[in-house]
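Quantities reported herein were computed from a predicted structural model and do not represent experimental measurements.
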Amino acid sequence: QVQLVESGGGLVQAGGSLRLSCAASGRIFSINRMAWYRQAPEKQRELVAVIFSDGSTNYAESVKGRITITRDATKNTVYLQMNSLKPEDTAVYYCKSYAKAYGWSIWNDYWGQGTQVTVSS
C-alpha cells in the first residue's frame with residue numbers, strides 16, 4: 001500500500017504564489033510517475049501537471065508558464081510551484097502516484113485526499 005499526503009494549500013490573492021507538496025509513504029517498491037490534478041466546484045477533475053521517472057513533464061495549457069512540477073525521488077515527494085495565480089485556479093488539488101508496492105504484483109494509481117487552494121480577486 002502507498003499513502004499520499006498533500007500540504008501547502010491555502011488562501012492567496014491573485015498574482016500570488018503557493019507551493020504544494022505531496023509525500024508518498026508506505027511499502028513502496030517503485031514510483032513510475034506522479035501528478036497533480038484539480039477539481040473546481042461543478043467541474044470535472046482535470047490534470048494539471050505530471051512528472052515521469054525520467055524527469056520529463058507535461059502541463060495543462062491553462063497553467064503552462066505559471067506552474068512547475070518537480071520531484072525529489074530521494075524523499076518520494078512531488079511539488080507544485082504555483083505562481084501568478086488566478087481566481088480560476090481555485091480548486092481542490094489532488095496528488096496521484098502510479099506506483100508499485102511490496103506485496104503487489106501490479107502497478108496501481110494512488111490518490112491523496114486533496115488540499116484546497118483558493119485564489120481571491
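Distance check: Ser97 OG to Trp107 CH2 gives 8.5 Å after rounding to the nearest 0.5 Å. Residue Glu46 holds its CD atom at 5.5 Å from OG of Ser62, rounded to the nearest 0.5 Å. Considering CD of Gln39 and CD of Gln44, their distance stands at 7.0 Å, rounded to 0.5 Å. How far NZ of Lys100 is from OG of Ser105: 7.5 Å, rounded to the nearest 0.5 Å.
The list of disulfide bond (SG atoms under 2.5 Å apart) pairs with a residue in residues 42-101, not counting sequence neighbours, reads Cys22-Cys95. Among residues at least two apart or in separate chains, there is no disulfide bond (SG atoms under 2.5 Å apart) pair with a member in residues 26-66. For the side-chain hydrogen bond (donor to acceptor under 3.5 Å, both in side chains) condition, the pairs that include at least one residue of residues 69-79, sequence neighbours left out, are Asp72-Thr74.
Not a single ring pair (Phe, Tyr, Trp, His ring centres under 6.0 Å) links Tyr94 to another residue, sequence neighbours left out.
Residue Arg38 forms a side chain to side chain contact (heavy atoms under 4.5 Å, CB included) with just one option from Asp89, Val92, Thr90, and that option is Asp89.
Listed by chain and number, the hydrophobic cluster partners of Tyr102 are Phe29, where partners are ILVMFWY side chains within reach of under 4.5 Å, directly or through others. Other members of the cluster containing Tyr110 are Val2, Leu4, Val12, Leu18, Leu20, Ile28, Ile31, Met34, Trp36, Val48, Ile51, Tyr59, Val63, Ile67, Ile69, Val78, Leu80, Met82, Leu85, Tyr93, Val117, Val119, with ILVMFWY side chains joined at under 4.5 Å, either directly or via other members.
Here the side chain of Arg66 pairs a donor or acceptor atom with the backbone of Ser84 at under 3.5 angstrom.
For Trp104, the CH2 atom counts as loosely surrounded, since its 6.0 Å shell holds 12 or fewer non-hydrogen atoms of other residues, nucleotides or ligands.
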- Message: Go through it in stages, so that I can follow the logic: the residues are Gln81 and Ser17, the test is side-chain contact (heavy atoms from CB on, under 4.5 Å), and I'd like the CA-CA distance, side-chain angles, deciding distance and then a yes or no.
- Response: CA-CA 8 Å; Gln81 180 65 49; Ser17 299; 4.1 Å; yes

